[in-house]
Amino acid sequence: MVTTSQACALSKDKLLLFFPQEPDPEWISRTMVKYPGLEVNWAASVKENGQPVKVEELPAECWKGTTLLFVDWSPPPAHLLSDVRFVQLASAGADLWHKHPTYLNQDIVFSNASGVYTPQIAEWVIGTWIMSQRHFLRYQKQMDNEHWEISSVPSVEDSYKLRMGILGYGSIGRQCARMAQAMGMEVYAYTRSERATPEARRDDTYNQYCVPGTGDQDGAIPSKWFHGATKENINTFLAQDLDIVVVSLPLTKDTERLISYEQFEILSKKKTFLTNIARGRHVHTDALIQALEKGQIRGAALDVTDPEPLPKEHPLWKAPNVYITPHVSWFTKKVWDRSIGILETNLDRLNNNEPCINQLAKRH
């Protein structure tokens with residue numbers, strides 16, 4: 001532990017990093033020098049065999065007196081967090097914390113990792129869209145069978161002048177919009193609250209610091225904005241002749257099963273392609289299967305499902321025109337460096353008594 005007489009607002013704090021990365025002694029030393037008196041503990045949350053580390057496997061001293069916590073997805077038991085005043089999540093979503101006593105305490109600041117996952121998830125969205133439009137899976141099967149076939153090539157539609165609707169215009173949605181715009185697509189944005197002014201449409205998340213040159217910081221890309229918290233508001237948005245809908249909303253009680261039988265009926269007019277990279281419970285699974293089987297939508301790309309993990313022999317596996325990955329769109333070699341970057345930003349802000357970046361409003 002580094003000690004010095006230099007004044008530091010974090011001098012009485014204890015930081016614990018518990019996420020899927022081996023401890024970096026150089027980072028720990030550098031951080032304690034920067035914030036004299038700050039104690040830093042770091043424990044990997046995943047073992048070498050890929051299995052998660054249980055919180056009870058950590059020495060009790062790691063948790064005792066911890067005031068600042070950097071943690072991945074699973075919330076530790078509340079009794080271990082009795083002294084915590086700030087939680088930095090390594091995830092963009094906070095739905096696993098919504099009923100946790102620590103999260104419900106309004107005096108404890110929570111920040112998410114919005115911006116950390118922006119480029120890679122947007123690449124997944126655009127990649128699966130192009131794969132569907134260009135029928136790449138069909139040609140992969142032809143390759144597997146060493147079969148060259150041109151005569152019955154299905155109709156192919158490029159993306160130029162098609163319309164992308166983005167449900168949830170946060171950092172991920174904004175990068176999807178940027179990439180769609182580059183392909184000549186029109187973008188419609190949907191947010192819970194109204195964004196009527198240029199100031200309201202600006203992006204104030206970590207994305208502008210984390211990955212420069214990405215996203216839509218000024219909110220200038222969408223040609224139309226929609227908002228609201230009711231099913232009627234959602235239905236109005238979905239009825240805008242959308243060629244693809246990207247679900248990138250946080251999961252709350254209001255957004256659970258937001259897209260169900262009624263919404264697929266609306267989407268059937270244009271046979272909209274559905275992409276979900278948020279949470280599986282945004283979409284009613286049985287309604288999705290029916291929409292795929294009846295051809296109400298042209299297809300779906302899912303990085304998340306309900307249930308998750310998707311069990312073997314679940315009917316969604318066999319539904320037509322669906323592409324499923326096991327919640328991996330977020331991953332890139334750079335993800336944990338970016339996560340550490342947002343923690344560093346917020347340590348500076350805490351030390352300077354400034355509002356944390358990506359601070360959550362704790363709306364359930």
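What you are looking at is a predicted structure, and each value in this text was computed from that prediction instead of being measured. Residue indices begin at 1 and follow the sequence shown.
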Participant: Would you say the side-chain atoms of Arg178 and Gln217 include a donor-acceptor pair closer than 3.5 Å?
Facilitator: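 Not at all, the side chains of Arg178 and Gln217 share no donor-acceptor pair under 3.5 Å.
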Participant: In terms of ring plane angle, is the pair Tyr103 and Phe110 parallel, tilted or perpendicular, where the classes change at 30° and 60°?
Facilitator: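 Because their plane-to-plane angle is over 60°, the rings of Tyr103 and Phe110 count as perpendicular.
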Participant: Return the minimal non-hydrogen interatomic distance between Ala9 and Asn351, and the atom names on each side.
Facilitator: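 Closest approach of Ala9 to Asn351, heavy atoms only: N-OD1, 3.0 Å.
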Participant: Within the 3.5 Å criterion, strictly below it, is a donor on Asp144 or Gln140 matched to an acceptor on the partner's side chain?
Facilitator: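 Yes, a side-chain donor-acceptor pair sits under 3.5 Å.
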Participant: Compare all side-chain heavy atoms of Glu265 with those of Gln296 and state whether any distance is below 4.5 angstrom.
Facilitator: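 Result yes, sub-4.5 Å side-chain heavy-atom pair found.
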Participant: Run the numbers on Leu288 and Phe264 for side chain to side chain contact (heavy atoms under 4.5 Å, CB included), then give the verdict.
Facilitator: CA-CA 8 Å; Leu288 171 61; Phe264 282 118; 3.7 Å; yes
Participant: Hey, do the aromatic rings of Trp27 and Trp42 have their centres closer than 6.0 Å?
Facilitator: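 Ring centroids of Trp27 and Trp42 are less than 6.0 Å from each other.
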Participant: Going by the ring-ring contact (aromatic ring centres under 6.0 Å, His included) test, which pairs reach into residues 279-298, not counting sequence neighbours?
Facilitator: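 Output for this query lists Tyr261-His284.
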Participant: More than 12 foreign heavy atoms under 6.0 Å from NZ of Lys271: is that the case here?
Facilitator: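 Yes, because the 6.0 Å sphere around NZ of Lys271 holds more than 12 heavy atoms from other groups.
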Participant: Under a 4.5 Å side-chain heavy-atom rule over Ile, Leu, Val, Met, Phe, Trp and Tyr, are Leu249 and Val304 clustered together?
Facilitator: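 Each belongs to a different hydrophobic cluster.
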Participant: Are Lys34 and Asp348 within salt-bridge range, i.e. N to O under 4.0 Å?
Facilitator: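 Salt bridge: yes.
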Participant: Just how far is it from atom CZ of Arg279 to atom CD of Glu256, taken to the nearest 0.5 Å?
Facilitator: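 Answer rounded to 0.5 Å: 12.0 Å.
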Participant: Sequence neighbours excluded, which residues qualify as ring pair (Phe, Tyr, Trp, His ring centres under 6.0 Å) partners of Phe70?
Facilitator: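 Testing Phe70 for ring pair (Phe, Tyr, Trp, His ring centres under 6.0 Å), a comparison that skips the adjacent residues, returns Phe19.
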Participant: Excluding sequence neighbours, so at least two apart, what forms ring pair (Phe, Tyr, Trp, His ring centres under 6.0 Å) with Trp317?
Facilitator: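 Trp317 satisfies ring pair (Phe, Tyr, Trp, His ring centres under 6.0 Å) with no other residue.
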Participant: Are Thr214 and Thr118 close enough that a side-chain donor and a side-chain acceptor fall under 3.5 Å?
Facilitator: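 The criterion, which ignores hydrogens and geometry beyond distance, is not satisfied for Thr118 and Thr214.
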Participant: Determine, using ring centers only, whether Phe226 and Tyr190 are less than 6.0 Å apart.
Facilitator: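 No, the ring centres sit 6.0 Å or more apart.
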Participant: What's the shortest heavy-atom distance between Tyr169 and Pro222, and which atoms?
Facilitator: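 Scanning both residues completely, I find the closest heavy atoms to be OH-CD, 3.3 Å.
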Participant: Looking just at side-chain N and O atoms, do Asp83 and Thr67 make a donor-acceptor pair shorter than 3.5 Å?
Facilitator: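 Checked: Asp83/Thr67 side chains show no N/O donor-acceptor pair below 3.5 Å.
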Participant: Quick check on the hydrophobic clustering: are Ile126 and Ile277 connected, directly or via other members, by side-chain heavy-atom contacts under 4.5 Å?
Facilitator: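 Both belong to a single hydrophobic cluster.
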Participant: Going by an N to O cut-off under 4.0 Å, is there a salt bridge joining Arg163 and Asp243?
Facilitator: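 Judged by the 4.0 Å cut-off on N to carboxylate O distance, Arg163 and Asp243 do not form a salt bridge.
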Participant: Inspect the contact between Lys12 and Glu39 and indicate whether a charged nitrogen and a carboxylate oxygen are less than 4.0 angstrom apart.
Facilitator: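 Salt bridge absent between Glu39 and Lys12.
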Participant: Do you know which two heavy atoms are closest between Tyr188 and Ser223, and how far apart they sit?
Facilitator: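 Nearest pair, atom of Tyr188 first, then Ser223: CE1-OG, 3.2 Å.
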Participant: To the nearest 0.5 Å, tell me how far Glu354 CD sits from Asn346 CG.
Facilitator: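 The CG atom of Asn346 is 10.5 Å from CD of Glu354, to the nearest 0.5 Å.
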